[in-house]
Amino acid sequence: MLLLPRQSAVTPTTSLQVDETGGNVSSTSVMVNLEVSDVSISGDDSELESDWETGKKGRKFKLRGQPASKRVKVVDSASASAHKTTSIVRRKKDVSVFLSMPLDVICAIFLELTIKDLIALTRTSKSMRDTLLEKHATIIWKTVRENSSVPEPPHDFSEQRWASFLFGGTQCQCCGAPNIRTVEFFLRRRLCTKCKKDNYVVESRFARMFPHQEKAVLDLIPFTDVGGWAHGHASSSRFFWREDIEKMIQRWDELKSKSRSVKGKQQLQDFCEQRKKFVATVLQEGKNYIEWRERSSKEHSNDIHERKKARYEAICQRFRDLGYEDCDIREIEYEKSVAVTNELTDRGWTRIRPSLEQVIIKARDSRLDFELRRRRAERFYTFKKVFDAHALTVLPPLWLQYPHWQEVANFPEIIEIIDSPDNVIVNAHSFAPAMAELPSLIAKWLEDKRAALKKQLVAANMDDASTMTPTSMIDVDVLNLATSVFKCAGEGCMQTPLYAETWSDPLFGWTDAASHMCSGRTSSLWNFSPLTVAYTGIPSYIKAVIVPFRDASVVAAKLVRLVGLDPSRVTIVDMDRSGYYFLCSGCPLVHNRRQKAYPWRAAVAHAVSHKHSATTSWQALTPTQALCVQVPENPNNQRMCWSCNHCSVHIHAWASFSDVRCHVVSEHNIQNPREPTDLFCCRRVHLSKLPLPYWSRPRPIAAGSFPRPIVACPRPLVARPRPLVACPRPLVVHNDRDIRCQHCRHTNPRLFNLNGVKNHLKDKHGIGSPQPTTDYIHI
C-alpha cells in the first residue's frame with residue numbers, strides 16, 4: 001500500500017504559469033520542494049513489486065524493459081582490455097531503470113514534477129502510462145494539482161482526465177486544429193473558431209434546424225453564452241453543441257416512447273430533473289473555472305513582470321558598476337535580450353553585454369549632444385536679449401543696415417563667449433566687453449560690405465557703368481548712382497529670379513542693398529523656449545547674397561539717357577526727385593485710352609519682371625502729360641511702419657504715421673515734422689515703384705470746382721509693386737486735410753477737410769450739426 005509523506009513534511013513552492021492567448025490555461029512550471037522526513041512502505045519487497053506489477057484487473061505482468069536472464073559470457077582479460085581501449089559501448093536510455101527504483105523515491109520524484117511533466121511521462125512508454133493511470137496513482141495527480149493551485153475537477157471528471165483536458169495539448173477536439181488555447185468550460189470542450197461556427201446552434205434557430213422537436217430538450221443540455229462570431233464576448237443568447245442536441249433528442253425520444261406507462265413517465269421526469277441539476281452544476285463549475293483562469297492569468301502576468309523586472313535591475317546594476325548613468329541605462333529596458341524572464345547568469349551577461357553597451361553609449365552621446373544644443377540655445381537667447389537692448393540705442397536708419405542678430409552672434413568676439421566651456425557661467429554681463437566693441441565691429445562689417453559691392457560693380461563691367469570716367473567716380477559714390485542696381489541671389493529669398501514673375505523688386509543703391517534681409521530680422525522659432533530650440537536645432541537664417549543686377553542696370557541707364565541725363569553722374573535721389581514717368585511700348589492699352597505710367601523705379605522692375613528685351617522702347621512723359629497720371633495718397637500713412645528719427649522708441653514697436661507725428665511734436669517739440677528728417681518709414685518699397693494709371697488726354701474740370709493739384713509722395717509703400725485698380729477719374733490729393741473724426745479715430749484714421757468731415761459725420765454717424773472737439777478735431 002502506498003503511503004504519501006505527511007503533510008508537515010511537505011513544503012510546496014508553487015509557481016503556476018497560465019498562458020491565456022484566447023483563454024487557454026496551461027501550466028508550464030510547477031516546482032514543489034519536498035522535505036521527506038518519513039516515507040514508509042508497508043509490507044516487504046514482494047508487496048513493493050506487486051504494487052507496480054499488478055495491472056488494472058489484478059493480473060501479473062512483466063515490466064517493459066526488464067532484462068532477461070542470460071548466460072554469462074566468458075572473455076579473457078587481454079581481449080577485454082583491448083576492447084575497452086578501442087571503443088566505448090554506450091547504453092541506450094531505458095525507462096525500466098527508473099521503474100526499478102524504490103517506490104518512495106519514485107513517489108517523491110513524481111511529486112516534484114508539474115502536471116505537464118506527468119502527462120509527458122504517460123507518453124513515454126506503456127509501462128509508465130499504465131503506472132500513472134492506475135487508480136492508486138490518483139493521489140499523485142491530486143497532490144500535484146493542489147500544489148499547482150489548479151481547481152478541483154468537475155464531478156464527472158477524474159484527476160487524470162482533468163489534467164489531460166487542461167494541459168494535455170492545444171489541438172481542437174473536433175477537427176484537430178493546432179494552437180487552440182481557449183477552453184469552453186461550459187461545454188467541456190476545446191474548440192476552434194471554425195468548429196464553433198459550424199456546430200454551434202443558437203436557441204433562436206432551434207425550431208428551424210430541428211422541426212417537430214420540443215424546445216424543452218434544450219433545458220437538459222449544457223450551453224455557453226459566447227458565440228462563434230463573438231470573439232470571446234458574452235451575450236444573452238444560449239449556444240448549444242449540435243452533437244449534444246442530437247444525442248439528447250435521441251434519448252428524449254426513447255424515454256418519450258416509454259412514457260405511456262406510469263413507470264415510463266416517472267423515468268422521464270426523473271431524467272429531466274437529473275439533467276437539469278447536471279446543467280446547473282456544469283454552469284456553476286464553469287463560472288468558477290473562468291474566475292480561476294482570469295485570476296491565474298493575472299498572477300502569471302505579474303510573475304512574468306516581476307521576473308523581467310528582476311532581470312532588468314540585475315543588468316542595470318552591472319552597468320552601474322561599469323560607470324554608466326541611469327538616464328542612459330534606461331534605453332535598454334525594452335531590448336529583446338533584457339525583456340525576458342530568464343535569470344541573469346555570468347554566461348548570459350557575457351553574451352548580451354556588447355550589444356547592450358552599444359545602445360547605452362549611443363544614448364549617452366545623444367544626451368550629451370542635446371545638452372550641448374540646449375546650453376548653446378540658452379546662450380543664444382541671452383545674447384539676443386542683450387542685442388535687442390542695444391538696438392534701443394541706435395537710430396532707425398542705421399538699425400536697418402545692421403546685420404541679422406544671428407550673424408552678429410557669429411562674430412569671433414561673440415561666438416567665443418557662446419562656445420565657452422561647460423563650467424563657465426554665461427550671462428548678460430559676460431557679453432559686456434564684446435558689446436562695448438560692437439559699434440566698431442558693425443561699422444567695419446558695413447565698410448567691408450560696401451567695398452565688396454563696389455568691387456562687384458567694377459568686376460561686372462556693365463555697359464552703362466563703363467561710361468563712367470575716373471573723374472566722375474571721384475565726385476559721386478558709385479553705389480548711389482541710378483545705374484547701381486542689385487539683386488539678392490540668396491537661396492530661398494523672395495527677391496531671387498525664381499520669383500520674378502510674382503515679385504520682382506530690384507535693389508537700388510547702397511541703401512536698399514544694405515537694408516535688405518531675406519528672412520526678416522527675427523525668427524518665429526526663437527519665440528519658443530530654449531528646450532524647444534534644443535530639440536529642433538538652432539534656427540538658421542537666410543543670408544543675403546547681394547550681386548549686381550545687369551539687366552536692371554541696363555534699363556536704368558536707358559531711362560536716364562531718355563530724359564537727357566548722364567548715367568555716370570545722376571544719383572538715385574536725383575531720379576526720385578525729378579518725377580519722370582515712362583510708358584512701355586511693349587504693353588497694350590487698357591480700357592480704350594488708358595495706359596500704365598511707370599516711375600523710373602517701377603519701369604526698371606517692370607522690364608525685369610516681364611522680361612522685356614533691351615530693344616523695348618520707352619517713352620518719357622512731358623510735364624503736361626504727367627498731369628494725366630493718377631497719383632494716389634500714400635497708403636503707408638495708415639500702416640504700422642513708421643518710427644521717430646530722433647530716438648529708437650519705435651524700433652521694436654512700429655507705429656502709424658499720425659502716432660509717430662504726435663510723438664515727435666510732443667516729445668521732441670517739433671511742430672512741423674518732416675520725412676526723412678524727423679520721421680522714418682521702415683518699408684523699402686517706395687510709391688515711385690508703382691505703375692500708375694495714365695489717360696491720353698486730361699478730362700475737363702467742372703466750372704466752379706477747386707483745382708486738383710498732383711502731389712507725388714516719395715514715401716515708402718507697403719504694398720507689392722502691382723498695378724493699381726484705376727478710378728474712372730483722376731484721384732485728387734488735397735493739402736488741406738487736417739481734420740479727424742472723433743467717433744472713428746481708432747478704427748479709421750482718415751483725414752478730412754471741413755466739408756468732408758461734416759458730410760462724413762452726417763452720413764456715417766447721423767450727426768447733422770457736428771461740434772468741434774466733440775465730433776471732430778484739427779491735428
Side-chain angles (χ1 to χ4, degrees), residues 1-18 25-66 93-169 289 292 296:
M1 184 176 183
L2 176 64
L3 297 179
L4 292 177
R6 293 196 303 268
Q7 187 67 24
S8 60
V10 180
T11 305
T13 302
T14 307
S15 176
L16 176 63
Q17 298 183 5
V18 182
V25 183
S26 63
S27 176
T28 58
S29 64
V30 180
M31 300 299 299
V32 182
N33 297 329
L34 297 178
E35 296 179 0
V36 183
S37 60
D38 186 9
V39 180
S40 61
I41 306 296
S42 62
D44 52 8
D45 297 339
S46 61
E47 293 180 358
L48 176 62
E49 294 178 0
S50 64
D51 287 339
W52 295 100
E53 295 181 0
T54 303
K56 294 182 179 180
K57 297 182 180 180
R59 293 180 296 180
K60 294 279 186 174
F61 66 93
K62 197 177 197 178
L63 293 177
R64 297 187 65 181
Q66 183 176 355
K93 296 180 181 179
D94 197 347
V95 184
S96 61
V97 178
F98 175 78
L99 295 178
S100 63
M101 297 172 63
L103 184 59
D104 56 347
V105 178
I106 295 176
C107 180
I109 293 175
F110 282 160
L111 294 178
E112 292 284 349
L113 301 179
T114 64
I115 299 179
K116 275 195 169 184
D117 295 336
L118 293 178
I119 295 175
L121 284 176
T122 61
R123 299 170 181 174
T124 56
S125 65
K126 184 177 180 181
S127 59
M128 186 67 71
R129 176 183 177 84
D130 293 338
T131 300
L132 291 175
L133 294 183
E134 285 289 344
K135 186 176 181 181
H136 63 263
T138 304
I139 188 64
I140 298 176
W141 292 87
K142 182 178 180 181
T143 305
V144 174
R145 175 184 58 78
E146 291 176 351
N147 294 337
S148 304
S149 300
V150 179
E152 295 183 358
H155 63 282
D156 55 340
F157 272 59
S158 64
E159 291 285 351
Q160 291 88 338
R161 181 185 174 190
W162 179 241
S164 178
F165 176 68
L166 293 179
F167 310 111
Y289 295 147
W292 163 76
S296 300

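Just so it is clear, the values below take in all heavy atoms, side chains as well, and ignore hydrogens, waters and symmetry mates. Positions are given from 1 along the sequence.
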If you round to the nearest 0.5 Å, how far is CG of L132 from CZ of F110?
4.5 Å
Euclidean distance, E159 CD relative to I140 CD1, rounded to 0.5 Å:
11.5 Å
Please check if any side-chain donor atom of S127 sits under 3.5 Å from a side-chain acceptor atom of D130, or the reverse.
no
Hey, does F167 have a side-chain heavy atom less than 4.5 Å from the side chain of D117?
no
Which heavy atom in T124 sits nearest to a heavy atom in L121, and how many Å separate them?
OG1-O, 2.6 Å
Measure the spacing between CG of L111 and CD1 of I106 and express it to the nearest 0.5 Å.
12.0 Å
Is there a donor-acceptor pair under 3.5 Å between the side chain of W141 and the backbone N or O of R161?
no
Which residues share a side-chain hydrogen bond (donor to acceptor under 3.5 Å, both in side chains) with Q160, sequence neighbours left out
none
Parallel, tilted or perpendicular, judged at 30° and 60°: which one describes the rings of Y289 and W162?
tilted
Could you list all the salt bridge (Lys or Arg N to Asp or Glu O under 4.0 Å) pairs where at least one residue sits in residues 148-158, not counting sequence neighbours?
D156-R188
Considering all heavy atoms, the nearest S149-W292 contact
O-NE1, 3.0 Å
Does a side-chain heavy-atom distance below 4.5 Å link V144 with L118?
yes
Could you go step by step and tell me if I115 and L166 meet the side-chain contact (heavy atoms from CB on, under 4.5 Å) rule?
CA-CA 9 Å; I115 299 179; L166 293 179; over 6 Å; no
Check S158 against P153 and note the closest heavy-atom contact, atom names and distance.
O-CB, 4.1 Å
